[in-house]
Each structure stands twice: as C-alpha cells, then as structure tokens.
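Structure first, commentary second.
Convention: sequence-line order gives letters A, B, ...; per-chain numbering from 1.
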2 protein chains.
Amino acid sequence: MEEKDLELIDYELVVLIRRTSLDKELGGLDRSTYTLLTQLSKNGPIGVKALADEFRLDVSTISRQTTALEAKGYVQRLPDPTDGRSSYFQVTEEGMRKVGDAKKARIARHTKLFKDWSDEERQRFGELLARLNRTFIE
Amino acid sequence: MEEKDLELIDYELVVLIRRTSLDKELGGLDRSTYTLLTQLSKNGPIGVKALADEFRLDVSTISRQTTALEAKGYVQRLPDPTDGRSSYFQVTEEGMRKVGDAKKARIARHTKLFKDWSDEERQRFGELLARLNRTFIE
DNA sequence: ATAAATGATTGTATCATACAACTATATGAA
DNA sequence: TTCATATAGTTGTATGATACAATCATTTAT
C-alpha cells in the first residue's frame, strides 16, 4: 500500500471537511432541515430514535430538530398505532417542495463546480465517495 | 453532463460531511489543534490574520485557538520584527511531536479503512479529492 | 501630523450538540 | 397479573465553536 496516497487522502479529506462544514445552509435550507427532509423523503416516515441512529446524534438533538420542522410545516407527526410512545414524521407537500428546490439549487452549484471535469471523472468520483461512505458503515 | 453523477456526488458528499464532522478529534488532537498545527508546520510561521483567511474563520476564533495552543506549549509566539501589532506562530518541538503522532494515528486508521481498495483506487481518489479542493478555492 | 486602515484581543450572543432527569408507554419475568 | 425494567420522547442545562461588535495598538496614507 502506498503510504503517500493515504497521506494525500488524509490531508485532502481534512481540507474538504473544513471547507464544507462551514456551510450553514445546504441549497437554502439549514443543514438539519436538508438532511432530515432528505432522509425522511428517501426512507419513509420514521421516528426520533431511528433518525438519531441514522445520523449518530443524540435523541434530544433530533427531538428538537423535528419539533422545529413540524413547526415550519415541513413534516407531519403520525402517531404510531402500535406504540403510544412514538410517532413517525412524514414530509408534507410543502416539505417536499422545499427539499426539491434545495436539491435543484445544489445540483446547479455542482454543475458549475464540476464543469471542467470529464464525465468519467465525475462518475468515478461519485463511485469512490459512495464506496468510502459504505466502508465507514461497517 | 450526466445529472445522475452530480446527484450521486451531492448525496455522498452530504453523507460524508455528516459523518466526519461528528469526529471531535483527529488522531487524538482536537480539530482546531490538528488543523492549526498541520497548517503551521506545513506553511511556516504565520499570524492570526493569515490563519483566519486560510481557514475562512473569524480572526477572533483563530485568536482564541492560537492562545489555547500557546498555553499548551504546542506553538510559540514570535513577534513580527517589522510590525508591532502582529506575531507569527511557530510550532514547538512538543507540537511537532504531537501532530506527528496524530498523523500516524490517522494514517493507521486509514490503512484499515482503505485496506480493500486497490492502489489505483486510492491514488485516484486522492487525486480527485485534491482536484475538488483546488476547484473550491477559485 | 493626523486620519484611516489593519492586526489582534476580548466581551457577548447564538447555535448545535450531549448529558441528565423525567414522563409515558411497553415488555418481560416471577 | 403485577411489578420491575426497558424504551421513545421531551425538556432543562451545560459546553464548545463560532461570529459580530467594540476596543487597543500600531502602521500607512493623505
């Protein structure tokens, strides 16, 4: 294994995280709104606990964030019929519209950012990123 | 341009940031210690303003972080002989040792993480990451 | 010579987060 | 069946990273 490749990856990952984690908003929505709506619209209505597991955040954090989303009307709370303690959050139409717009905005930005890359490079980068993320999970 | 490649990149970047920005420490040092020591050891002694520009953080934030580093003995403040307002921070031997150890720890972790990747994949991923970071800068 | 600009520090506010205490409900064991 | 324990969620509180504003000291420009 080439040590210098790992060093490069290490360094560039740190730089990337440093830059991107400064963005308070993603496509015009704040981070938690964007990530929660994305998750809920992708993987169906789930509750506070499942979201906390997914994001590796404390349930108290998710509880506040979902309360905020509900107050904005982006999600609706559906009581779990089989468990009186919990409920699921379903993205509302308004929420779907918001997250759709945000995604469009991000794609537009990325289109510019990657405009000098070849199709092959973009495709490969996406694959490798996905692979890294799957690797983390194990 | 393939829209689906951009969508994949967008999604996987969000996932990556979400995961990695949760790490409070990098190789046993807290984030700001690791990034500041790396920067200072790489690009020579510079002052608060230059660090703030580099990291796109407020000078007040950097000021506090460098004060903390100095208190820990990881950097030494060298007054700028040509400008009485500013000083440069030089990494001490102790600081060099600390950041060296931290880097070793990270490389060890990455060695495990990327163990199933081919040399070509690691090399390519590093290149593409670097390219993305350079693109951001413009 | 004085006004404006600049590097840095410190006070204060905000935000995201974790932990702890608590409530309500569900599950399992005697 | 009942009671102890576990679980889902909420709320109070503390912390850490950050930005902005005020300020100080020094430098630069008019």
#### Entry: B:Gln65 vs D:dG16: side-chain N/O to OP1/OP2 distance below 4.0 Å
no

### Message
I'd like to know if B:Arg85 reaches the base of D:dT27 with its side chain, counting only an N/O donor and acceptor under 3.5 Å.
### Response
no

### Query
Does a side-chain heavy-atom distance below 4.5 Å link A:Phe125 with B:Leu8?
no

### Task
With heavy atoms under 4.0 Å as the rule, sort A:Arg64 into base, sugar-phosphate or nothing.
base

### Query
Between atom NZ in A:Lys49 and atom P in D:dT10, what is the gap in whole Å?
14 Å

### Message
Heavy-atom count check: over 12 atoms from other residues, nucleotides or ligands less than 6.0 Å from B:Glu120 CD?
### Response
yes

### Query
Toward the 5' end of DNA chain D, which comes first, A:Leu22 or A:Thr67, by nearest nucleotide?
A:Thr67

### Interatomic distance where CZ belongs to A:Arg56 and P belongs to C:dA16 [whole Å]
21 Å

### Query
Yes or no on side chain to side chain donor-acceptor pair (under 3.5 Å) for B:Lys98 and B:Tyr34, after CA distance, side-chain angles and deciding distance?
CA-CA 9 Å; B:Lys98 282 284 182 183; B:Tyr34 185 83; over 6 Å; no

### Message
Just N and O in the side chain of B:Thr61: are any of them under 4.0 Å from OP1 or OP2 of D:dT18?
### Response
no

### Closest to side chain of A:Val59, choosing from D:dA8, D:dG16, D:dT10
D:dT10

### Query
Which residue, A:Lys24 or A:Thr82, contacts DNA chain C at a nucleotide closer to its 5' end, judged by nearest heavy atom?
A:Lys24

### Query
Base, sugar-phosphate, or nothing: which does A:Leu57 touch, judged by heavy atoms less than 4.0 Å apart?
sugar-phosphate

### Task
Spell out, as yes or no, whether a donor-acceptor pair under 3.5 Å connects the side chain of A:Thr35 to the backbone of A:Arg31.
yes

### Task
Check every strand shown and say whether B:Ser87 touches a base, only sugar-phosphate, or nothing at a heavy-atom separation below 4.0 Å.
sugar-phosphate

### Query
Reckon A:Arg77 has a side-chain N or O less than 4.0 Å from the OP1 or OP2 of D:dT10?
yes

### Query
Closest to the B:Ser63 side chain: D:dT10, D:dA19, C:dA8?
C:dA8

### Message
Can you measure B:Tyr88 atom OH to C:dG7 atom C1' for me and round it to whole angstrom units?
### Response
11 Å

### Task
Could you check whether A:Ser32 gets within reach of a base, just the sugar-phosphate, or nothing at all, counting any heavy atom under 4.0 Å?
nothing

### Task
Name the nucleic acid region contacted by B:Ser60, choosing base, sugar-phosphate or nothing; use a 4.0 angstrom heavy-atom cut-off, strictly under.
base

### Task
Name the nucleic acid region contacted by A:Asp83, choosing base, sugar-phosphate or nothing; use a 4.0 angstrom heavy-atom cut-off, strictly under.
sugar-phosphate

### Message
So that I can tick it off, tell me whether B:Glu12 and A:Arg131 are bridged by a salt bridge, with the cut-off set at under 4.0 angstrom between side-chain N and carboxylate O.
### Response
no

